[in-house]
Number of protein chains: 2
Amino acid sequence: MVRRTRFNDSDCPVARSVDAIGDWWSLLIVRDAFDGSRRFGEFQRGLGVAKNILAARLRALVDGGVLDVVPASDGSAYNEYVLTPKGRDLFNVIVALRQWGEAHFFAPEEPHSEIVDRRDERPLRALEVRSADGRRLGPDDAVVKKVAPPAAAHTPS
Amino acid sequence: MVRRTRFNDSDCPVARSVDAIGDWWSLLIVRDAFDGSRRFGEFQRGLGVAKNILAARLRALVDGGVLDVVPASDGSAYNEYVLTPKGRDLFNVIVALRQWGEAHFFAPEEPHSEIVDRRDERPLRALEVRSADGRRLGPDDAVVKKVAPPAAAHTPS
DNA sequence: GGAGATTGGTAGCATGTTGCAACTGGATGG
DNA sequence: CCATCCAGTTGCAACATGCTACCAATCTCC
């Protein structure tokens with residue numbers, strides 16, 4: 001079930017990320033986890049997904065190290081699913097998707113959920129791609145470079 | 001084919017984004033578009049995807065306003081697919097996914113492609129979520145708030 | 001300007017995945 | 001202990017995916 005390399009260019013980090021997340025439901029599970037969901041039923045109600053699908057995705061996310069199963073939290077004998085540090089690192093991805101959606105899929109007066117600073121309830125600043133020395137970069141200012149293993153034992157010549 | 005609201009919580013921008021992109025192939029198409037691919041054959045070779053799948057995804061991305069079909073560029077009578085401004089706004093999403101993949105799916109000496117500043121070829125700074133006044137925010141510092149239409153004509157009381 | 005390669009698809013078909021609904025079985029509560 | 005909820009699993013039908021073959025238009029080259 002852990003299908004390796006669904007995509008052929010698996011040396012691209014984007015492809016690996018995409019492969020690790022699995023599918024969009026999984027990403028929405030992660031979104032709900034950021035939003036406080038922990039229990040199977042919470043995810044199920046929040047997403048409206050079929051239970052077998054949810055169970056499979058949760059298992060995949062646990063296998064992939066994005067979620068952890070912890071035994072309890074409120075005294076009951078059930079399990080909870082919590083984000084691992086790796087899963088918490090998806091925060092940027094979720095925020096980026098959220099900001100893209102907010103910018104392009106909602107009329108100004110349309111109701112929508114919004115992510116805000118917990119402290120002052122103001123909306124977040126838009127994410128910015130920056131160079132190592134802090135300049136803002138747009139899509140044309142960055143290129144993808146192949147990085148070879150720096151000093152590893154590759155195939156002998 | 002333009003299935004509306006695959007997910008039930010379509011007032012969440014993340015869900016709408018996810019729905020608009022369609023599937024992971026589409027995101028990799030966008031990635032390759034950022035990387036300079038423009039022609040059908042380029043995408044096909046770059047991704048190794050079946051042609052019918054690619055054709056369907058390109059059509060969906062064009063319908064969704066992420067790509068545009070422009071008649072030519074090198075004199076030939078074929079088409080090219082270029083990112084719209086909306087598509088270019090996915091840059092943050094791609095970079096976020098790429099950085100997550102780089103951070104978690106590669107051994108230090110493993111070869112991988114890397115996104116670098118075009119000017120000095122140095123790797124980019126990690127994306128940072130910031131509040132309106134510039135504080136760095138982690139997953140626990142942000143909450144999702146429902147935003148109602150500010151002064152719209154809602155259902156009369 | 002015709003032969004053959006290239007580009008950009010479509011069509012058919014096998015297989016895999018999704019998702020609904022029904023079922024299970026342990027916890028919980030009264 | 002009986003009813004109910006929680007957390008899944010199982011069966012099955014429908015749909016989507018992806019491979020291969022095919023096809024038409026375009027380009028290349030002589």
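Note that these values count all heavy atoms, side chains included, but never hydrogens, waters or copies made by symmetry. Values in this document were obtained by computation on a predicted structure and should not be read as measured data. Residue numbers begin at 1 in each chain, while the letters A, B, ... track the order of the sequences.
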[N] [atom2] sits how many Å from [X] [atom1], rounded?
X       : N      : atom1 : atom2 : value
B:Ile53 : C:dT17 : CD1   : C1'   : 13 Å
A:Glu80 : D:dG8  : CD    : P     : 12 Å
A:Leu54 : D:dT9  : CG    : P     : 10 Å
A:Asp23 : C:dT17 : CG    : P     : 11 Å
A:Gln44 : C:dG19 : CD    : C1'   : 12 Å
B:Trp25 : C:dT17 : CH2   : P     : 14 Å
B:Leu58 : C:dT10 : CG    : P     : 11 Å
A:Arg59 : D:dT9  : CZ    : C1'   : 9 Å

When you check the gap from the basic side-chain N to the acidic O, do A:Asp117 and A:Arg119 get nearer than 4.0 Å?
->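 No salt bridge links A:Asp117 with A:Arg119.
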
Exercise: identify the closest heavy-atom pair between B:Ser113 and B:Arg98 =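 Where B:Ser113 meets B:Arg98 most closely, the heavy atoms are OG-NH1, 3.5 Å.
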
Looking at C:dG9, D:dT9, D:dG18, which one has an atom nearest to any side-chain atom of B:Ala55?
-> C:dG9

B:Arg45 side chain, from C-beta outward: closest of C:dT10, C:dT7, D:dT17 | C:dT7

Base, sugar-phosphate, or nothing for A:Tyr81, non-hydrogen atoms under 4.0 angstrom?
-> sugar-phosphate

With a 3.5 Å cut-off and sequence neighbours excluded, list the donor-acceptor pairs that the side chains of residues 50-62 of chain B form with protein atoms.
residue	atom	partner	partner atom	Å
B:Arg57	NE	B:Asp23	OD1	3.2
B:Arg57	NE	B:Asp23	OD2	2.8
B:Arg57	NH2	B:Asp23	OD2	3.2

Gap separating the OG atom of A:Ser37 from the CD atom of A:Glu80, nearest 0.5 angstrom |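 Reported to 0.5 Å precision, the distance equals 10.5 Å.
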
State plainly whether one hydrophobic cluster holds both A:Ile94 and A:Phe106, where clusters connect Ile, Leu, Val, Met, Phe, Trp and Tyr through side-chain heavy atoms under 4.5 angstrom apart.
->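 Yes, one cluster joins them.
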
Could you encode protein contacts along nucleotides 21-30 of chain C as a string, one character per nucleotide from 5' to 3', using B for base contact, S for sugar-phosphate-only contact and - for no contact, with a heavy-atom cut-off of under 4.0 Å?
-> -----BSS--

Return yes if some donor-acceptor pair links the side-chain N/O of A:Asp68 with the main-chain N/O of A:Val70 below 3.5 Å, else return no.
-> no

